[in-house]
Structures are given as structure tokens and as C-alpha cells.
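So the structure is just underneath, and the comments pick up after that.
These figures come from a predicted structure and were not determined experimentally. In what follows, every chain begins at residue 1, and chains take the letters A, B, ... in the order their sequences are listed.
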2 protein chains.
Amino acid sequence: MSVLKEFNRVLKEKGYKFTSQRQHVFEVVVENDGEHLNSQEIYELVRKKYPEIGVATVYRTLALLEEMKLIYGVDFEDGFRRYEIVKDDKEHRHHHLICLECGSIKEGENDLLGTIEEEILRKDKFKVTNHKVKFYGYCDKCLKIMEKNNKTHT
Amino acid sequence: MSVLKEFNRVLKEKGYKFTSQRQHVFEVVVENDGEHLNSQEIYELVRKKYPEIGVATVYRTLALLEEMKLIYGVDFEDGFRRYEIVKDDKEHRHHHLICLECGSIKEGENDLLGTIEEEILRKDKFKVTNHKVKFYGYCDKCLKIMEKNNKTHT
DNA sequence: ACTCATATAGGAATATCTCCTAAATATTCG
DNA sequence: CGAATATTTAGGAGATATTCCTATATGAGT
């Protein structure tokens, strides 16, 4: 699995050790891409394959992975820090569409915000290097359900 | 002070009571607009004027104010939930510019994101009703300092 | 003022996450 | 391979932010 080799390589490059704990945590995050797992959930999943692992190690490893820009922590305001994989090696250029009805989280298109960031540089003299963007509203599915309910009500 | 009367009116409208605790919490948030106070800081400030207040009451009141859409909680990932006043009575249409160098938080222009939200409706079939947007980067001041340091280095 | 539902204080409880330390382990070098 | 060494880990204690619990207090309507 080349993604693991790459992980090993980046670790060594930065002088970190390649331990089985780190490997397992990384694997779980990779295998559950798109799930937005939180630390607890990752801990539970890792324990299935590596029962001896400690909570602190999971937290440490997640922090390390984030520092290495392999993963990315998002706060969906549910009390947990949730993680996802960084896809491109540049910046975390994407955003989330969070449905207020069903709670689903969809990842949005990249690059929508580029022009805005230029405008911010012009207007506010602020050089944007990254962003965390969450749009709240209603997903396609829930919109349709709500429309139908409205019709039956009238 | 008409803002307090308005507060009283909205409380009654929703069947909530106008207590001095709620009044003091609300006042502190209003008086420190732009400061992005967290719950602890609000608690401390309220205690100066109303020493008997309890922590739980402050949390409850902040949750109530947020539910009433009078204030708005933001997570700057420093471990605290921070609050600011909702200015327009519609949506929280603004964003934050967070400097990675000095940690300053500036509030950005409204309405920058309107066109993007239209595009999201078209492309993703997702109806946006609100957003939480944080841009990370470097503020004017820090950019200048960094430029200067670069020059002296070469 | 009386009534009653709601709100509060205060502390205990919970939950997430971090710190601490002795033991374990990855990596390097001979 | 095996020894040396610095890093990493497990496990639990600790820290911190927030919520829950309950008897008491208080606002609002009559």
C-alpha cells in the first residue's frame, strides 16, 4: 500500500518514528475517508485491530497527522473534533454543506472561494492562506420532503 | 436603553422571564461587542456587577440568547466558545479574518458570499440559509513586518 | 399580595482532551 | 545482529469547559 510507504517516508523526513500505533491510526482515517470521524470513533476503530492502544496516543497521533498536513480537523459544533483527509497537497480548499434537517455533511466544490480571497486581499489587505467554511441549510433530499409536506398542508 | 427594552419584549414574546441575571449577561455582551468574549470572560464581567450569579446561569443565558438569535457563537479553536452580537435581524452574514501571526480577529464585509450561495444551490442543490466562514492568513500589519524581515535577511 | 410555573445558585457530574512517568520500542551505528 | 539512545507509548491522573440536579427564589399574571 503506497499511501503507507508515503506516510513512513514523510515521518522519517521529519525525524518521527514509524510505529504500529501511528500506522493503525493513519489507516483507520484513510479507510474511513468521508466519514468525518471524531477522536473517540477513531480510538474505537483502532482498538479493534490494535487493542493495546491508549487514548492519549490516538490524540497525539491525530495532532501529529494534522501538523504533517495529512489530515485536517473540523469542528461541526457537536462537541467533537472531527477529522478528514487532506486530498491535495496544497491547501484545504474545500467547504462543507451541513443540512440542518438531517444533519448530513457534504463536501463542496473547491475553488469557489478563490475570487473572494482576492477581493479580501484588495479590500481588507488580508492575505488568505487557508479557510474553514461551513454552509448551513437544507440538502436536496430534505428540501424535497419539505416541499411535499408544504403542499399537503395547503 | 432601548436595546434592553427590546430584549424584554422579545423574552416576553417567547414566554421567557426577564430576570436581572439575563439582563446583566445580555448587557455585558452588548457592552463588549467586537471582543469575542468566551463564557468564562462573560461570567467574570457579569460577576463584577452581579456577584451572586452562577456559572450555569451564564451558560444557560448564552444558550438562550443564541436561540433567540440575539447572539452568535463562534469557535476559534482555542478551546472556548466565543460570542458576538447578531447585527442584522436576518442571517449571520459575515466572516472572520484570523491572522496566523498575531492572532487578531477582524470581521469581514458582508455579502461577499451571496453569489457563491447561488452557485451552491445550482450545482449542489443545497439551499444555504447561513454560513460560518473563517479565513486564515496574515493581516496587513504582520504582512508588512514579514516583508521587512525578508528584506533585511537578503 | 397570591399563585404557579419558570429560573437560579451551587455544587456535583460529565465529557473531551492533555499531562505525567516508567516502561517499551524504532532507529542508528558498530 | 545486538547495543545505545532518543523517542514514543500506556495508563491513569489531571485539567478544563460545559451540563445536570435539586431545593430555593423570583418574575408575571390575576
With respect to the side chain of [X], which nucleotide from [options] is positioned closest?
| X | options | result |
| --- | --- | --- |
| Ile53(B) | dT8(D), dA9(C), dA28(D) | dA9(C) |
| Lys17(A) | dT16(C), dA5(C), dT7(D) | dT7(D) |
| Ala56(B) | dC17(C), dG10(C), dT8(C) | dG10(C) |
| Tyr16(A) | dA10(D), dT8(D), dA9(C) | dT8(D) |
| Arg60(A) | dG27(D), dA9(C), dC20(C) | dC20(C) |
| Thr57(A) | dA28(D), dT9(D), dT7(D) | dT9(D) |
| Phe18(A) | dA9(C), dT9(D), dT27(C) | dT27(C) |

Would you kindly say whether Tyr16(A) and Glu67(A) are connected by a side-chain donor-acceptor distance under 3.5 Å?
yes

When the distance from [atom1] of [X] to [atom2] of [N] is rounded to whole Å, what number comes out?
| X | N | atom1 | atom2 | value |
| --- | --- | --- | --- | --- |
| Ile42(B) | dT18(D) | CD1 | C1' | 14 Å |
| Arg22(B) | dT26(D) | CZ | P | 15 Å |
| Glu67(A) | dT8(D) | CD | P | 11 Å |
| Gln23(B) | dA7(C) | CD | P | 16 Å |
| Tyr43(B) | dT16(D) | OH | C1' | 15 Å |
| Asp75(A) | dA17(D) | CG | C1' | 13 Å |
| Arg82(A) | dC17(C) | CZ | P | 10 Å |
| Glu52(A) | dG11(D) | CD | C1' | 13 Å |

Distance-minimising heavy-atom pair for Met146(B) and Glu101(B):
SD-OE1, 4.4 Å

For Asp75(B) and Asp78(B) the tightest heavy-atom approach is OD1-N, 4.4 Å

His96(B) ring center within less than 6.0 Å of Phe135(B) ring center
no

So does Lys134(B) have more than 12 non-hydrogen atoms from other groups sitting under 6.0 Å from NZ?
yes

Between [X] and [N], does any side-chain N or O lie under 4.0 Å from OP1 or OP2?
| X | N | answer |
| --- | --- | --- |
| Tyr59(A) | dT18(C) | no |
| Gln21(B) | dG27(D) | no |
| Ser39(A) | dC17(C) | yes |

Using the closest heavy atom to pick a nucleotide of DNA chain C for each, name whichever of Arg81(A) or Thr61(B) lands nearer the 5' end.
Thr61(B)

Which residue lies more 5' along DNA chain D, comparing Pro51(A) with Gly15(A) via nearest heavy atoms
Gly15(A)

